[in-house]
Each structure stands twice: as C-alpha cells, then as structure tokens.
Amino acid sequence: MTDRSKPSQARAALRIAARLVLLGVAVAVTVPLMGIAGGDGRNDYYSALIDKHVRLAAMRSPKLVIVGGSSAAFGVDSRAIEAVVGMPVFNMGLGADLGLPFMLREIEKHLAAGDRVLLMPEYELFQGDGMSDAGRHYAMSYLPDSWDYVESPADYVRYFLRATVLKAQRTVRVVPEKLFGGQPEKSGYSRELFDASGDYVGHLGKGVQFDTAGWDATPRPVFELNSKVIARLEEFVTRVRQRGVVVLVANPPLYERYYGRNIVNVTRVDSMLRRVAHRTGMVVLSRPTDFLFTLDSMYDGPYHLNARGRAERTRRLIQALRSTHMAPASNPPEPDAF
Amino acid sequence: MIFNSLQYFVFFPVVILVYFSLPHRWRWAWLLAASIFFYMSFVPIYILILGGAIVIDYFMGIRIEGSSGVSRKMWLVASMTANVGVLATFKYFDFLNDSLGSAFQAVGLHYPVMHLGILLPIGLSFHTFQAMSYTIEVYRARQAAEKHFGFFALYVMFFPQLVAGPIERPQNLLHQLKERHFFEYERIAGGLRLIAGGLIKKIAIADRLALYVAPVYANPEGYTGAPLITATVFFAFQIYCDFSAYSDIAIGSAQVLGVRLLQNFRNPYSSRSVPEFWTRWHISLSTWFRDYIYLPLGGNRVPAPLWLRNILVTFVLSGLWHGANWTFIAWGALNGLFVVIGRATADVRARLRNATGLARVPFLEGKLRVVTTFALICSAWVLFRAESMSDAAFIYTHMFSNLRGSRVALPTFGYNAVVTSFLLIAGLLVAEHMGNRVPIRDRVAKLGPAYRWSLYYAACMLIIMFGMFDRSSPFIYFRF
C-alpha cells in the first residue's frame, strides 16, 4: 500500500522535482550543444549582418543608408544610386523578420548630420500581431551588439531561449537538406553573396523562380496596424531629424497580382506612413503603385526582384529621389542589369 | 493562458504546490480560485456568463431533485432552456439571423434584424454541455443534486477541462473533487507523461501541419490536385494532434491533481468503419450525444426509417455543436450518411468480401477497411475545415485534377518541410499502433529508470527540435 504520510509525500515531491530539474539541466546543456554541432552559421544569409555593421560603422557622413527587409537587399542597385546622389550609399536591407524597430535601432548610432535614411519597409512590418521574428533570433546569435536592442528583461529571456532553440533546430534541418537537397525557395541564400554596398547579388543572372501558386489568388487577411512599431518609427524619425538627418520613405517593390490581393493592407500602411510623415517631417517619395512589377521582374517571391526588376526598380527610385533634389537631373549611369 | 504557453508552465506548478500544501478542507476553494483565474486569463468579462449559468444550474439541480412529476420536468425544461438559450444567443443567433436574412433576400423581402457580431465566450459549448449533463442526470435520479455551491462551481469550472473538455459526467467528476488526494509519485509521473505526449503532438506536429493547411484552405481556388489532397490529409492529423493533445494535457493535469478524467480519444484513425471511428473520436462528446439525444429518440430499437432519422438528427446536431456554419452542419450530415450507407450496404459488402476472397485474408481486409475509413473521414474533414460551402465544393471538384502538374510544396512550405511532416505523422502512427493494446505511457512506466528517463529526455528534445515556437496557433477546439 502506498505510504501517504506527510514526510513520504514530501519525499515524493522532492524526488519528482529533483528528477525534473536534472532532466531540465540535461536538455538545457544539450540544446546549445546541438546548435554548436550544426556549425556557427557564419555563412548563413542572416550572418551578413556582421559585415553590414562593420561596413556601416566605417562609413563617413554624409551618406545614404537604405533600410528595409529582403526586398531592399534584393531589389536595389546601391552603386547606381550612389553615382547620382553624390554620397556613399549603403544597403542595410536583409530580412523583414528582423522587425522594423530592430532595423532602426541598428543604424541609429551610426547616423550624423547630413546623412540620409531611405526607408523601404515591407507592408507586413506593420502587421498588428507581428511577423515571425526568426531572423532577429538568428541575428542575435551572430551579433552580440544586437542584445543591446532588447527592451525588457522578459524579452531578453525570450530572445535568448528562442535564439538557442533556433540554432539547435537549424542543426536538425541540415539532415533532410543533405538527404533531399536544399529547399528550392532558399537555395543560394548566403552571407557571401552580398556586395560591398550591402546589396544581395546572389540572385542576379538567375531567372524567375517564383512559384506563384498560392500567391496569385490568395486574398491576404486584413491586419490591424501595430501601434508599437508605428510609435518606434515616429520616435526614430523625430530623434534623428534633430541631429540633422533626413529621413525618406519609399514603397517596397511588389508583385502586381499580390498587390491586388493585399490592397487593403497596402493602402492602410501607405496612409499611415503619410500621416507619420506629416507629423514628423519624413519625406514620402512614392505611392504603392509606383513599384509594382510583373512576373518577369520577380525572382522567388512577391517582394524579391530579379536582375531585370532590380534595374527597373533602381531607375524608378532614382527618379523619385530627383523629385526631392537629392539626385541631379542629368542621366544616371545604367544600373547593373546582368 | 493556453496549455502550451509559458504562463501555464508557471501557473500549473504553483497550483500543484499550493494544492498539496493546503489542508484538504481548503483545496476545493484553491482549485476554484485557480480555475476562475485560468478562465479570466482569456477574456475576463466572460466569467459573468459562466457564473450566471453556474448559479442557474445549481438552483435548478436542487429544484429538480426536490420535485416530482410535471413540476420536475418543468424545472428540467427551464434548466435546458437557460443553457440552450445562452448557447443560442452567443453561438447561433448571428448564424440563424444571417441565414434568415439571406432567405428573405432571396425571395425579395426586407429582413430588418441586424447582425449583432457577438463574440463567442471561450469553451462555451463544452461547459454548457457539462452543466446540462448534470441537470439531466439529477432529473434521471442518477446523481444527487450538489448542495455545496463551491463544489458545483468547481465541477463546471475545473480548469484542466474547462475550455475544451473532456465533457465530464457528474458521476465521474463531482465525487473526485471532494476526495482527499495525495502526492503519489507514480500517479503524478503518469500525469506528466500524458502532458509531455500532448505537447509533442501539439507543438511538433499540429502546429507544423497548420502552416501547410492554413494557406491552402484560406484560398483553395489558388490550388489544384496535390496541395488540396495533402492539405486535407494534413488537416486530418492536425485536428487529431491538436485536439487529442489538448485532451492529453487536460487529463494529465487533472491526474496530477488526483482527478481521473474520461479518455477522449482511442487511436481513431485505426478505425475500420465510420461508426467505430465515432466510438474512438471525441468520446466524451459522442457519448453525450448518444446518451442525451440518440437513445432518448429511440436509438436503434425502432423501425428503420426512425433509426435513420435518429442517426441524422444526432450527427447534424453534433455538427451544429461544432460551429454556427452550414459547413459544420453538412459535415455532421455527411458523417451520418456514412453510418447509414454503411449499414445499408453491410450485406453487399460482406458478399463482395467473400466473392473476392478478401475475407480469407483478414489482415489485408482490415488494412483496406482502415484506409477506406480514413479516406471517408478525410472527405468529411474538407467540410469541417473549409471556410464556406463554395470553398468545400471547389476542393471536392479539384482535388483530383491536375495531379501530375501540381506541386506538393508551397511557397511558404518547402519539400523538406513536407517530408519532415510526413515523417512525424508516420512516427505518430507507429506510436499509436504500439499503444493499441497497452498505452505507450503504461509501457514507458514499466521500463527501467535508465530507459524511461532516456525517453523523457528524447521527448523533450523532440519538442524542442521540431516545435513551432514562433508560429504556434491556439487549440482548434477552443472556438467551440
């Protein structure tokens, strides 16, 4: 018969607690080890953040810094813009799942009077319940500085745990990738494929790899705007303008049929950006329809341009910059079209 | 506060610690307070609706017990009216209203009643049915009315099964809530094993499959062939892993506190017929409908046309219980039709089995029946998951077209993710098969400590390595 005395119950409770703690310790030790076993990920796409930070820190003012997710990384020829704006241009675009507050904080300390910031935020960056922030977790595993951007102790714990788990999960993914080959939609994404201006060039010379099934006809659910992200944007613009930095905003490039299916969200984000611009003095360069592209300009997703789209996008961006007198009216050199 | 959240993993140990530290006479109050806190962590204001229903059913129970004849029946009807009234208001009003509006519009008439847009209180269908089973059992004199308001409130609100079941009968739960429970190692370890199994199913399998199913079912017109079939099969396992995971965590949590809840799933996808499936799927709800709807209508001890009516009424009501939408009603009706057609064709199928010689190979026959049943159940899940009847119709008419030209991978769900998902499903099926005679958790309990703890360790690693932590979704049955 089970001993139900109080000391016996206390012993049982301690026994279970001790074993669970031991189990927890074993798991807590193994998970980071699994992450290490998968390599340090120093050639991953997101580890390009390390180089971007080093290069941005080395740049003198005045300069133009491009901020956005992967649409900025894939869809801009920074050298062509540099040739017409008369100042160095650096593209910090990497992945939307870094989140806009992270993107703004990472450049802020490198800005000085005379600098320009060209924001090209993807519309989903303002999604109410937030995007997957997996990119940020990876970034935090590469870049010790990024821990400074955590806003609360609870977030610190959350990001630490998630970054550790993501690194371990990356190791597990290596197995099927070795057995069955890399995921088609992510093949070729690598740190090495960014150029010195921060532009991603790994996709240039490759054709359209965009499987539009599921994108063409999918009406996107209407999302609420994220007030926290908007507040961070306003605070950023207000702070850097006080330092003499000009902030410009342009719409991201978008596959035209996806735009058709996402028009409510796009319009709401665009209107919100105009209101922010009105309040803060941010300069709006475009409308959403200025940067719509057909399938032959796309690479592998609704925001990713191929070489042809990138050249066209850069040309239109330069035109928009001219409207703010940032670029002279003379003919710019042809953007790289590969 | 959902079971797979960090909050629950703080909340639950605190509940256990205080529960076993308190003298027995105060434990019910602690559990009730914890249950109120748990429920209010979703939408606090809904506690008023739940509280109101508890007060009504508490007094109705006492009234029913204290009366006889017509007045006894009247009190039962009053109780049922109150419970169904709450359900009808919060769950079905807008659906009925919109359906009537459409019907009026179709014949060119003006329909003035507005859509109210009422939000459904979480778990309403579950705790309402649990409260109804109490008053019915008291009416049938199979359960004494509970005089202690606190215990009655705890019976309806017991947090492990409050928002998504299992739907308990008072005979099983009420007395357990009053018993003194001890901190017993084996029982608590068993409960924790169930919780771990549930977490694997929810985080590593259901949430992963949801990432494939959601975009396809959000826009079925964007797909033909393979993705529609894959999404439907994935949904069959998503809903099973999601709901059975909730039940496992609920049963495991209750077991840690010393309360044994009803088993809610018994390897349903190994069923050899649709009726058998319904004895293995959401058992607490199936038996509720059997005991309180199907049998009172006459069950199968009536002429064939009436039996047909009884089956269809029961299944349609079951469909309606799941949601206020024509898709759920059609899902219930289709399952009812499967049962009816199965019975009508039983003789023909038996002759066919004999004629083809299949009856002489029982293993093969059994497997064929399992596959056929799974296919039928999957075809019904299309209605359950589709956003509208027109979406369901599109899926039915396009799931076998362009099979060669369509790609299984989605833009947001690559081939490797599809392969990993199928491997996890295969692992689940193997584990379920192994647990057919002796549940896996009982097998694990009998292992030596080294093997046992190695398995616990492996389970934790499985959750961490394959878990979807960034894109976890709420339990599907919460919205019922």
Side-chain angles (χ1 to χ4, degrees), chain A residues 2-6 8-13 15-17 19-20 22-24 26-27 30-31 34 97 131-134 137 157-158 161-162 164-166 168-169 171-173 175-177 179-187 210-221 261 300-302, chain B residues 6 13 16-17 20-21 180-189 192 196 211 214-216 218-227 256 402 405-407 409-420 423 449 452-454 456-471:
Chain A
T2 314
D3 183 0
R4 287 172 167 176
S5 63
K6 274 203 166 179
S8 154
Q9 288 192 64
R11 273 198 304 276
R15 209 169 120 210
I16 267 197
R19 289 181 176 190
L20 288 175
L22 274 176
L23 180 65
V27 171
T30 320
V31 173
M34 290 282 287
D97 49 5
M131 298 179 54
S132 156
D133 45 5
H137 301 144
V157 173
R158 191 164 63 92
L161 290 174
R162 287 188 171 185
T164 308
V165 167
L166 269 172
Q169 290 188 336
T171 305
V172 172
R173 271 205 311 278
V175 179
E177 276 172 15
L179 285 173
F180 307 110
Q183 292 199 19
E185 71 274 20
K186 293 290 174 196
S187 58
F210 185 17
D211 178 9
T212 57
W215 292 108
D216 268 356
T218 308
R220 308 304 289 175
R261 293 289 167 177
D300 64 350
Chain B
L6 205 57
I16 300 169
L17 201 68
F20 285 107
S21 306
R180 178 191 287 269
H181 302 292
F182 298 91
F183 196 101
E184 291 164 329
Y185 183 91
E186 287 309 324
R187 191 196 74 236
I188 284 164
L192 295 177
L211 297 179
V216 174
N219 173 47
E221 286 88 354
Y223 306 88
T224 52
V256 169
N402 191 28
S406 55
R407 291 170 55 176
L410 304 182
T412 51
F413 203 97
Y415 280 107
N416 292 344
V418 172
V419 171
T420 308
L423 289 175
R452 204 167 64 234
W453 284 88
S454 301
Y456 299 158
Y457 171 76
C460 291
M461 293 305 292
L462 187 69
I463 292 171
I464 290 172
M465 291 302 157
F466 292 96
M468 306 304 291
F469 299 101
D470 279 320
R471 285 167 288 183

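A, B, ... follow the sequence lines: proteins, then strands. Residue 1 opens every chain. When reading the values below, keep in mind they use all heavy atoms of this one structure, side chains included, and skip hydrogens, waters and symmetry mates.
Annotation: side chain of B:Y457 is in contact with side chain of A:T30 (closest heavy-atom distance under 4.5 Å).
For B:F20, the ring-ring contact (aromatic ring centres under 6.0 Å, His included) partners two or more places apart in sequence, or in a different chain, are B:F183. A:R15 pairs by the side-chain hydrogen bond (donor to acceptor under 3.5 Å, both in side chains) definition with nothing, not counting sequence neighbours.
Between the A:Q169 side chain and the B:G467 main chain, a donor and an acceptor come within less than 3.5 Å of each other.
With rounding to the nearest 0.5 angstrom, the CD1 atom of B:I16 is 8.5 Å from the CD1 atom of A:I16.
Annotation for A:L22: atom CG counts as buried by contact number, over 12 foreign heavy atoms lying within 6.0 Å.
Only the side chain of B:M461 comes within contact range of chain A, with heavy atoms under 4.5 Å apart.
Minimum interatomic distance between A:V165 and B:I464 (heavy atoms only, all atoms of both residues): CG1-O, 3.7 Å.
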